[in-house]
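Proteins come first, then strands; the chains are lettered A, B, ... in the order of their sequence lines, and each starts at number 1.
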Amino acid sequence: MIILFKIKTKSFSSKATLLCKFVVMKQTLGKQERLKSKTLIGKLYKEGNSVKSFPLRLVYVQTEHTSQYPAQVGVSVPKRNFKKAVDRNRLKRLLRETYRKQKQLVYSTIDKPYVYMISYIGKEELTYAEIEVKMEKLLTAFVAQIKN
RNA sequence: UUAGCAGAUCUAUCUUAUCGCCACGCCUUUUGGCGUGGAGGAAAGUCCGGACACCAAAGAGUAGCAUAGCGGAUAACGUCCGUCCAAUGUAAAUUGAGGACCAGUGCAACAGAAAGCAAGUACAGUUCGGCUGUAGUGAAACCAGGUAAACUCUAUGCGGUGCAAUGCCACGUAUAUUAGAGAUUGAGAACUACUCGUUCGAUUCUAAGGGGUGGGCAGAUUGAUUCUAAGAGUAAUUUUAGAACUAGAUAAAUGAUAAGAUUCUGGUAACAGAAAACAGGAUUCGGCUUAUUGAUCUGCUUUAUUU
């Protein structure tokens with residue numbers, strides 16, 4: 001399977017041609033779309049810029065990655081704010097869910113591959129509805145910053 | 001029925017719809033479709049004991065650590081079961097740091113002359129020697145006793161490091177430079193701390209400074225496994241037979257929304273609110289400890305009440 005993917009990525013030389021296919025797409029969030037590579041994460045925190053919309057923070061960098069999707073996303077909740085693993089898992093799930101619902105905002109505008117990490121910097125747990133609103137604000141701010 | 005004691009089990013939602021996550025299988029040949037499965041009793045603390053892996057004979061001694069009535073269970077244990085003793089409780093039960101102060105050393109509040117190394121009150125006896133007895137203090141008064149959650153001694157056990165182990169594949173690099181040490185008369189390294197002993201050892205070791213990698217596969221989930229039945233045993237446990245396969249992620253999978261059911265709370269009602277506490281697998285088992293919601297069931301004890 002992995003070998004197959006490599007062949008595919010090599011065969012499509014330009015990613016820009018691919019992007020048109022994603023304009024109308026499903027609201028999935030599979031493994032390919034998530035940020036997993038340690039080297040990329042290292043690069044992200046070294047060179048990335050950030051956008052804030054309390055209690056969320058998005059660190060991004062424009063770079064090539066192995067996925068076929070326009071962007072790879074990672075989610076993090078710091079251990080020092082939430083000591084219990086249950087709380088961290090819960091917040092991560094909510095972040096992923098809200099991002100999944102609204103990623104069209106980003107995909108419809110960007111034309112280069114991006115990598116970013118969404119962190120939860122607040123210290124208190126919010127509900128799904130609240131996080132959904134914050135995520136929308138964050139993503140619109142991100143899009144606006146990229147355009148300029 | 002109330003109160004108490006001991007133990008076991010479950011852990012909270014269920015249904016439907018829409019969107020979505022992880023693993024596996026099948027079908028398709030694409031940005032899929034279908035099916036099956038998908039966190040806990042503590043997954044936690046990492047406190048004990050194993051399996052497994054590596055450490056060049058995984059050497060010897062000392063030190064160190066652990067355990068401590070007796071018998072048994074077990075892969076093993078500091079765990080579990082039975083039992084004796086002690087303490088507590090009316091009782092069911094609970095708790096126990098329950099080997100040894102006839103090896104040595106230390107310690108002992110108050111009282112007391114004295115709880116050792118130095119003394120000594122009163123009375124009586126007397127072989128006139130502070131020799132003997134009695135009294136007084138105290139739990140204990142002289143060659144005695146208490147104390148080992150005091151050193152210590154005895155018996156038994158313990159090699160070390162941990163899946164970031166370890167093996168393989170791929171990618172990449174620097175044997176740069178500077179300072180110091182060192183060449184078989186041995187720098188340094190390997191076998192926890194020390195000593196001995198053994199072995200390795202020059203493209204070496206230490207410090208500064210800098211560079212690269214951090215991708216994948218195996219290990220990894222079929223196991224001291226779970227369930228049922230019949231025996232053995234007071235029990236922990238075990239034997240035989242049959243059946244079952246029950247998470248395998250890796251920046252780390254179980255979620256979101258809506259409607260209904262059910263339960264609970266508030267309210268005369270319409271209706272409104274809530275869905276539980278502690279908490280999320282990370283090589284894996286047996287325990288222990290700690291956190292904690294709401295139940296259900298079983299056995300037992302004493303007192304009171306009712307029939």
Side-chain angles (χ1 to χ4, degrees), chain A residues 1-53 55-140 142:
Chain A
M1 280 301 287
I2 295 138
I3 301 161
L4 274 175
F5 273 126
K6 280 187 178 174
I7 293 164
K8 278 177 192 168
T9 47
K10 280 177 187 172
S11 63
F12 296 115
S13 54
S14 160
K15 280 194 175 166
T17 53
L18 279 172
L19 290 179
C20 58
K21 292 184 180 175
F22 290 105
V23 173
V24 180
M25 69 173 305
K26 298 197 172 181
Q27 297 179 325
T28 58
L29 189 68
K31 262 189 173 177
Q32 284 281 309
E33 256 178 299
R34 288 194 231 142
L35 182 55
K36 296 199 175 231
S37 153
K38 282 189 177 176
T39 39
L40 276 180
I41 293 167
K43 191 178 178 185
L44 181 64
Y45 280 112
K46 212 174 176 182
E47 307 174 6
N49 302 312
S50 70
V51 185
K52 273 189 195 175
S53 162
L56 303 178
R57 173 160 161 268
L58 187 147
V59 182
Y60 68 92
V61 69
Q62 192 266 306
T63 178
E64 290 288 329
H65 51 75
T66 53
S67 166
Q68 304 169 53
Y69 291 84
Q72 279 193 324
V73 65
V75 157
S76 81
V77 178
K79 203 171 187 176
R80 65 189 137 93
N81 291 352
F82 295 92
K83 282 188 176 178
K84 291 173 190 167
V86 173
D87 297 336
R88 290 198 301 275
N89 277 347
R90 164 99 191 140
L91 280 171
K92 279 183 184 176
R93 283 169 185 159
L94 289 180
L95 288 180
R96 269 204 297 274
E97 181 71 9
T98 50
Y99 172 78
R100 181 176 73 79
K101 287 270 174 75
Q102 302 184 50
K103 67 176 182 178
Q104 286 299 317
L105 276 175
V106 180
Y107 280 19
S108 57
T109 51
I110 61 174
D111 52 358
K112 288 177 185 172
Y114 273 88
V115 159
Y116 44 80
M117 176 77 79
I118 299 172
S119 310
Y120 193 93
I121 36 179
K123 289 187 179 175
E124 289 177 13
E125 219 173 316
L126 299 181
T127 62
Y128 173 79
E130 288 170 315
I131 291 179
E132 196 171 24
V133 173
K134 300 287 183 189
M135 180 64 77
E136 194 182 351
K137 278 188 186 172
L138 181 73
L139 292 182
T140 46
F142 170 57

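B/A73 takes the anti form, because its glycosidic angle lies more than 90° either side of 0. In B/G41 the base sits syn relative to the sugar, since the glycosidic angle is no further than 90° from 0. In this entry the base of B/U246 is syn relative to its sugar, with a glycosidic angle within 90° of 0. In this structure, B/U221 shows a glycosidic angle within 90 degrees of zero, which is the syn conformation.
The partner of B/U132, taking Watson-Crick or G-U wobble pairs whose two distances both stay under 3.5 Å, is B/A124. The nucleotide B/A241 finds its pairing partner in B/U228, both defining distances of the Watson-Crick or G-U wobble pair being shorter than 3.5 Å. Across all strands shown, B/C158 pairs with B/G64; the Watson-Crick or G-U wobble distances both stay below 3.5 Å. Searching all strands for a Watson-Crick or G-U wobble partner of B/A111 with both distances below 3.5 Å returns nothing.
With sequence neighbours excluded, the residues that form a side-chain contact (heavy atoms from CB on, under 4.5 Å) with A/V106 are A/I110, A/Y116, A/L139, A/F142, A/V143. A/E136 meets the side-chain hydrogen bond (donor to acceptor under 3.5 Å, both in side chains) test with no other residue; sequence neighbours excluded. A/K84 is linked by a side-chain contact (heavy atoms from CB on, under 4.5 Å) to A/D87, counting only residues two or more places apart in sequence or in another chain. Applying the side-chain contact (heavy atoms from CB on, under 4.5 Å) test to A/L94 and every residue at least two apart in sequence or in another chain returns A/R90, A/Y128, A/I131. Applying the side-chain contact (heavy atoms from CB on, under 4.5 Å) rule to A/S50 yields the partners A/R57, A/V59; only residues at least two apart in sequence or on another chain are considered.
Annotation: B/U203 and B/U213 have their C1' atoms spaced 22 Å apart (nearest Å). The separation of B/U18 from B/U36, taken at their P atoms, amounts to 16 Å, rounded to a whole angstrom. On the P atoms, B/C77 is 10 Å away from B/G49, given to the nearest whole Å. Taking atom P in both B/G59 and B/U225, the straight-line distance is 32 Å, to the nearest Å. If you take atom P in B/C151 and the same atom in B/A122, they sit 45 Å apart, rounded to whole Å. A distance of about 5 Å separates the C1' atoms of B/A149 and B/A97, rounded to the whole Å. Here the separation of B/G146 from B/A139, taken at their C1' atoms, is 9 Å to the nearest Å. Here, B/C80 and B/A224 have their C1' atoms 16 Å apart, quoted to the whole Å.
In this structure, A/K103 places its NZ atom 11 Å from C1' of B/U31, rounding to the nearest Å. At whole-Å resolution of the value, CD in A/E132 and P in B/A258 are 10 Å apart.
Not a single donor-acceptor contact under 3.5 angstrom links the side-chain atoms of A/E97 to the base of B/G20.
In this structure, A/R93 does not pair ionically with A/E97, as no charged nitrogen and carboxylate oxygen lie closer than 4.0 Å.
Ranking B/A251, B/A256, B/G20 by closeness to the A/L94 side chain, first place goes to B/A256. Taking only side-chain atoms of A/M117, from C-beta outward, the nucleotide of B/A251, B/C19, B/A252 with the closest atom is B/A251.
Closest heavy-atom contact between A/I121 and A/N81: O-ND2, 3.5 Å.
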Output one line per pair: protein atom, nucleotide atom from nucleotides 274-281 of chain B, and distance, for all N/O pairs under 3.5 Å.
unit_1, atom_1, unit_2, atom_2, d
B/A279, OP2, A/K84, NZ, 2.8
B/G280, OP2, A/A85, N, 3.2
B/G280, OP2, A/V86, N, 3.4

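In this structure the side chain of A/Y99 reaches within 4.5 angstrom of the side chain of A/I118, judged on heavy atoms.
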